[in-house]
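These notes concern the structure reproduced below.
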Amino acid sequence: MTTANPKPMHGFHVPETAWVERQMPRFTGAEREAILERIKALLRERDAVLVAHYYVHEDLQRLAEETGGCVSDSLEMARFGKEHPASTLVVAGVRFMGETAKILSPEKRVLMPTLEAECSLDLGCPAEAFAAFCDAHPERTVVVYSNTSAEVKARADYVVTSSIAQKLVAHLAARGEKILWAPDRHLGHYIRETTGADMVLWDTTCVVHDEFRARALEDLRREHPEAAVLVHPESPARVIAQADAVGSTSQLIQAARELPHETLIVATDSGIFYRMHQEVPHKTLLAAPTGGRSATCHSCAHCPWMAMNGLGNLLEVLEHGGNEVQVEESVRLGALRSTQRMLDFAQGRQTPVLGHGDA
């Protein structure tokens, strides 16, 4: 496997999720209800809609549902924000999701509860180093995961989310195209193994999914032999190998509904449990282990940056502004081309045949 990693996985600061959660404000029941009502009023006053990822706190997911917003994976978040008539999009998630909203809707104001919510895949694939990696493989079609900066997307031929990556790469491979993939190596390896595509892979991982442990999962399966295992493909290969269902967040929720098993072991961010409990309230959900005996974890199956989104900073940004996402126009136009190709492919429109180096 060809890999590149100009920056070590932890060459940037990754906060511990438990530390982040301790920093978030605590509210009494009455305070929380007052904040929720104030946020709802401000969303109406600001002509704003809340778009939330499955991994943020359930308070934000519920609030988005109750106010006509969207709770979904990053592909549907992007589509929803583009099509919704609101003049302001409030994106509860991580920075690349806010950037994607701005890429697709430049005329709209895009706000986030915090601009400090990063992503290890984005941080682990800096634009300048990625450009050099592309220059070293000019004959390859560049496919990047949505968990990347606008600058990286602007260099790509296609952007994909985990719900569509396998299908799109299989389509390109069937046309004889060779792929340069970035940034998640586990997802890239899974796609290469399942499609047979000729791929070179960037080398970084998600701090949440990389912590799932195959041996500890084997132990948990022995304790619950009746359980089905649901795994996000950003997880290590030995974890994926134990799965009854592999897929994106939305695909794992669908699997939870469709599988007959009454107990489900879930290897993705635990924020997904809010929606899964809604879909299958009668089933038992277990978090896949992030460490074996005597081991410790950094994220403990919940992204530290997703955990930075809360009611307090959501109220603050609606009341006082700030945290507005900006994308330089030339970068936005480049990123729009590769992102729009993803949306077109998802909607069944044929992908174009690109010359090498086309953006």
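Any value given below was found using the heavy atoms of this structure, including those in side chains, with hydrogens, waters and symmetry copies removed. What you are looking at is a predicted structure, and each value in this text was computed from that prediction instead of being measured.
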Within-4.5 Å side-chain heavy-atom neighbours: [X] and [Y]:
X    : Y    : value
F96  : L121 : no
Y190 : S235 : no
T284 : L264 : no
S120 : F12  : yes
R332 : P106 : yes
P15  : M308 : yes
V200 : K178 : no
L220 : I265 : yes

Measuring from atom [atom1] of [X] to atom [atom2] of [Y], what distance do you get when rounded to the nearest 0.5 angstrom?
X    : Y    : atom1 : atom2 : result
N147 : L187 : CG    : CG    : 9.0 Å
D122 : M97  : CG    : CE    : 11.0 Å
H277 : I272 : NE2   : CD1   : 11.0 Å
T148 : E99  : OG1   : CD    : 8.5 Å
E324 : T88  : CD    : OG1   : 8.0 Å
L230 : L286 : CG    : CG    : 11.5 Å

Check your understanding: Going through the checks in order, is the side-chain contact (heavy atoms from CB on, under 4.5 Å) test met by C300 and T17?
Key -> CA-CA 7 Å; C300 297; T17 300; 5.9 Å; no
Review point. Can you list the steps and then say if L63 with L311 is a side-chain contact (heavy atoms from CB on, under 4.5 Å)?
Key: CA-CA 10 Å; L63 185 58; L311 292 178; 4.3 Å; yes
Review point. More than 12 foreign heavy atoms under 6.0 Å from CD of E218: is that the case here?
Key: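 Enclosed.
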Review point. Above 12 or not: heavy atoms from other molecules or residues under 6.0 Å from CD of E258?
Key: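 Yes, because the 6.0 Å sphere around CD of E258 holds more than 12 heavy atoms from other groups.
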Practice item. Dump the intermediate steps for side-chain contact (heavy atoms from CB on, under 4.5 Å) on L314 and V90, then the final yes or no. Key: CA-CA 9 Å; L314 174 56; V90 184; 3.6 Å; yes
For the residue pair [Y] / [X], report whether a side-chain donor-acceptor contact shorter than 3.5 Å exists.
X    : Y    : result
T114 : N313 : no
Q251 : S163 : no
Q278 : R275 : yes
S162 : E234 : no
H53  : S72  : no
E65  : Q61  : no

Review point. Is the centre of the F133 ring less than 6.0 Å from the centre of the H137 ring?
Key: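 They qualify: ring centres under 6.0 Å apart.
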Practice item. Please find out if less than 6.0 Å separates the ring center of F345 from that of H171. Key: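 Ring-ring flag for F345/H171: true, centres closer than 6.0 Å.
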Exercise for review: Quick one: do S330 and E328 satisfy side chain to side chain donor-acceptor pair (under 3.5 Å)? Show the steps, please.
Suggested key: CA-CA 6 Å; S330 63; E328 197 275 322; 2.3 Å; yes
Practice item. Identify the residue among T268, T249, D269, N309 that makes a side chain to side chain donor-acceptor pair (under 3.5 Å) with Y55. Key: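 In the set T268, T249, D269, N309, the residue that makes a side chain to side chain donor-acceptor pair (under 3.5 Å) with Y55 is T268.
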Check your understanding: Pick one: which of V266, D244, V239 meets side-chain contact (heavy atoms from CB on, under 4.5 Å) with V231?
Key ->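 Among V266, D244, V239, the one that satisfies the side-chain contact (heavy atoms from CB on, under 4.5 Å) with V231 is V239.
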Can a donor-acceptor pair be found, under 3.5 Å and without considering hydrogens, that links the side chain of [X] to the backbone of [Y]?
X    : Y    : value
H298 : V14  : yes
K108 : G81  : yes
K283 : H261 : yes
N323 : M112 : yes
T205 : D210 : no

Practice item. Check the pair S250 / D73 against side chain to side chain donor-acceptor pair (under 3.5 Å), numbers first and verdict last. Key: CA-CA 6 Å; S250 58; D73 60 14; 2.7 Å; yes
When you group the ILVMFWY residues by side-chain heavy-atom contacts below 4.5 Å and let the links chain together, are [Y] and [X] in the same group?
X    : Y    : result
M24  : L115 : no
F80  : V71  : yes
L333 : V144 : no

Practice item. Decide, yes or no, whether a salt bridge links D219 with R222 under the criterion of side-chain N to carboxylate O below 4.0 Å. Key: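 Salt bridge flag = yes for R222 with D219.
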**Study point:** Salt-bridge contact R192-D198 (side-chain N to carboxylate O under 4.0 Å)
**Key:**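 Salt bridge between R192 and D198, a charged N being under 4.0 Å from a carboxylate O: no.
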Review point. Can E319 and R38 be said to form a salt bridge (charged side-chain N to carboxylate O under 4.0 Å, His left out), step by step?
Key: CA-CA 9 Å; E319 284 188 326; R38 178 62 177 152; 3.4 Å; yes
Point to revise | Verdict with reasoning, M276 to E279, per side-chain contact (heavy atoms from CB on, under 4.5 Å) | key: CA-CA 5 Å; M276 278 193 176; E279 298 288 338; 5.7 Å; no
**Study point:** Worked check of side chain to side chain donor-acceptor pair (under 3.5 Å) between H232 and S248
**Key:** CA-CA 6 Å; H232 193 287; S248 68; over 6 Å; no
Practice item. Could you label the plane-to-plane angle of the W202 and F130 rings as parallel, tilted or perpendicular, counting under 30° as parallel and over 60° as perpendicular? Key: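 Ring orientation of W202 relative to F130: perpendicular.
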Practice item. Could I get the full list of ring pair (Phe, Tyr, Trp, His ring centres under 6.0 Å) partners for Y274, not counting sequence neighbours? Key: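 Per chain and number, Y274 pairs via ring pair (Phe, Tyr, Trp, His ring centres under 6.0 Å) with no residue.
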**Study point:** Shortest non-hydrogen contact between L217 and P289, atoms and distance
**Key:**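 Here L217 and P289 meet closest at N-CG, 3.5 Å.
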Exercise for review: Identify, with sequence neighbours excluded, every residue that meets salt bridge (charged side-chain N to carboxylate O under 4.0 Å, His left out) alongside R46.
Suggested key: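 In terms of salt bridge (charged side-chain N to carboxylate O under 4.0 Å, His left out), with neighbours along the sequence ignored, R46 is linked to no residue.
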